Amino acid sequence: MSSVIPVVDFSAWSLDVDLVPDQNPEALGRTLEEAFTRVGFVFLENTGIRQDEVDRVMDVSLKFFHQPEDEKKPFSRKTFSNNLNHGWVSMETERLNPRRPGDLKESFNVSSFHPDIKWPSSADLTSFQQIQTSFFNRCKDLSLRVLTVMARSLDLDPEVFLNAHRLIGTDANGSTLRSLFYPPVNCERVKDGQLRCGEHSDYGSITLLFQGSEGLQVRSHSGEFLCVPTIPGAVLVNIADLMQRWTSDRFISVVHRVLLPPAGDSRTRQSLAFFVQPDDDALICCCNGSDKYPPVLSSDYLNDKFNDSYGRS
Ligand SMILES: O=C(O)CCC(=O)C(=O)O
Ligand SMILES: [Fe+2]
């Protein structure tokens with residue numbers, strides 16, 4: 001897959017440049033359109049998000065994960081009534097492929113900035129909230145630029161996707177910055193069929209992914225899983241399910257997973273995913289007028305997926 005996922009220079013729309021009104025992405029749009037149509041994944045270089053920003057988030061997240069369980073429990077997902085997806089998810093709690101045992105990973109979902117949210121604040125973690133919040137906002141800004149280029153690449157109203165992503169960062173939008181930690185794997189305790197992250201496609205419109213090391217695999221057209229390389233400083237962007245529906249299958253939401261490391265390899269792994277989700281009340285209909293998919297409410301689609309992957313308890 002390394003030669004298959006295109007690497008694209010995003011500098012013309014980088015966060016470092018002020019866009020002029022009506023700036024037309026032309027060549028960039030054509031390249032992205034082709035990548036999202038054929039592969040569903042693209043590496044963007046020169047986005048304006050620097051590797052040191054990514055490292056800071058990974059470092060502070062790792063400090064959180066390395067704490068004893070009792071310190072992490074008060075921040076568990078489902079404890080914050082204003083946003084049930086925000087918070088810490090313990091090992092084996094989520095099954096991204098519901099037919100497998102729980103994923104061998106921990107994660108921390110940042111999806112709410114409501115004043116009632118309690119943030120980790122112990123000695124090492126005093127900057128946790130600030131680092132996560134500012135990276136969330138950087139990812140949001142980049143995502144809105146990518147969504148604009150995508151709309152233009154399809155000759156749609158350039159605002160069509162933006163109009164359904166007005167509330168990112170509020171509790172009326174499910175977009176989430178998720179830190180992932182894959183601890184060392186003890187082969188003797190692994191359950192049958194268990195993976196670090198089961199086969200799945202993402203749920204929303206697009207995902208930005210920052211990988212600390214290799215391990216991600218993407219399913220190709222022929223059905224085999226191919227390893228994805230890491231490119232320092234580049235952002236891996238993929239199409240998610242609602243965007244595939246929105247574009248009537250023009251852009252494809254591709255299945256991916258993270259395997260266990262080979263026996264005897266005790267290395268950990270970290271990644272950051274920014275899941276971009278349309279506003280809760282956005283009704284996603286095929287934008288070419290086709291009835292290939294019935295309209296679906298963004299929040300309904302997301303909650304159904306959460307019920308599958310976390311169980312309906
Ligand atoms: O850790 C990774 O590289 C991928 C994680 C992922 O696909 C997800 O959480 O949706
Ligand atoms: Fe994913």
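Small disclaimer: the values here were computed from a predicted structure and weren't measured. Whatever order the structure lists ligands and atoms in, that order sets their numbers, starting from 1.
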Exercise. Under 3.5 Å, is there a donor-acceptor pair between the side chain of Arg77 and the main chain of Phe108?
Worked result: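 No; zero donor-acceptor contacts below 3.5 Å.
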For this session: Measure distances from the Fe ion (ligand 2) and count the protein N, O or S atoms below 2.8 Å.
Result: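 N, O or S atoms of the protein closer than 2.8 Å: 3.
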Could you verify whether a donor N or O on one side chain and an acceptor N or O on the other, from [X] and [Y], lie under 3.5 Å apart?
X	Y	answer
His256	Ser201	no
Gln132	Ser61	yes
Asp280	Ser298	no
Arg178	Ser107	yes

For this session: Go through Glu199 and Arg99 one step at a time and tell me if the salt bridge (Lys or Arg N to Asp or Glu O under 4.0 Å) criterion holds.
Result: CA-CA 9 Å; Glu199 296 83 357; Arg99 292 179 301 282; over 6 Å; no
Please tabulate protein-ligand N/O pairs under 3.5 Å for ligand 1, atom names and distances to 0.1 Å.
unit_1	atom_1	unit_2	atom_2	d
ligand 1	1 (O)	Tyr182	OH	2.6
ligand 1	1 (O)	Arg269	NH1	3.0
ligand 1	1 (O)	Ser271	OG	2.7
ligand 1	3 (O)	Arg269	NH1	3.1
ligand 1	3 (O)	Arg269	NH2	3.1
ligand 1	7 (O)	His200	NE2	3.1
ligand 1	7 (O)	His256	NE2	3.1
ligand 1	10 (O)	His200	NE2	2.9
ligand 1	10 (O)	Asp202	OD1	3.2

Exercise. Mind checking whether Val190 and Leu259 sit in one hydrophobic cluster, side chains of I, L, V, M, F, W, Y counted as touching below 4.5 Å?
Worked result: no
For this session: Sorted by first residue and then second, give each side chain to side chain donor-acceptor pair (under 3.5 Å) pair with at least one member in residues 6-21; sequence neighbours left out.
Result: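 For residues 6-21: Asp9-Ser11, Asp9-Asn46.
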For this session: Scan residues 137-147 for pairs that pass side chain to side chain donor-acceptor pair (under 3.5 Å), counting only residues two or more places apart or in two chains.
Result: Glu53-Arg138
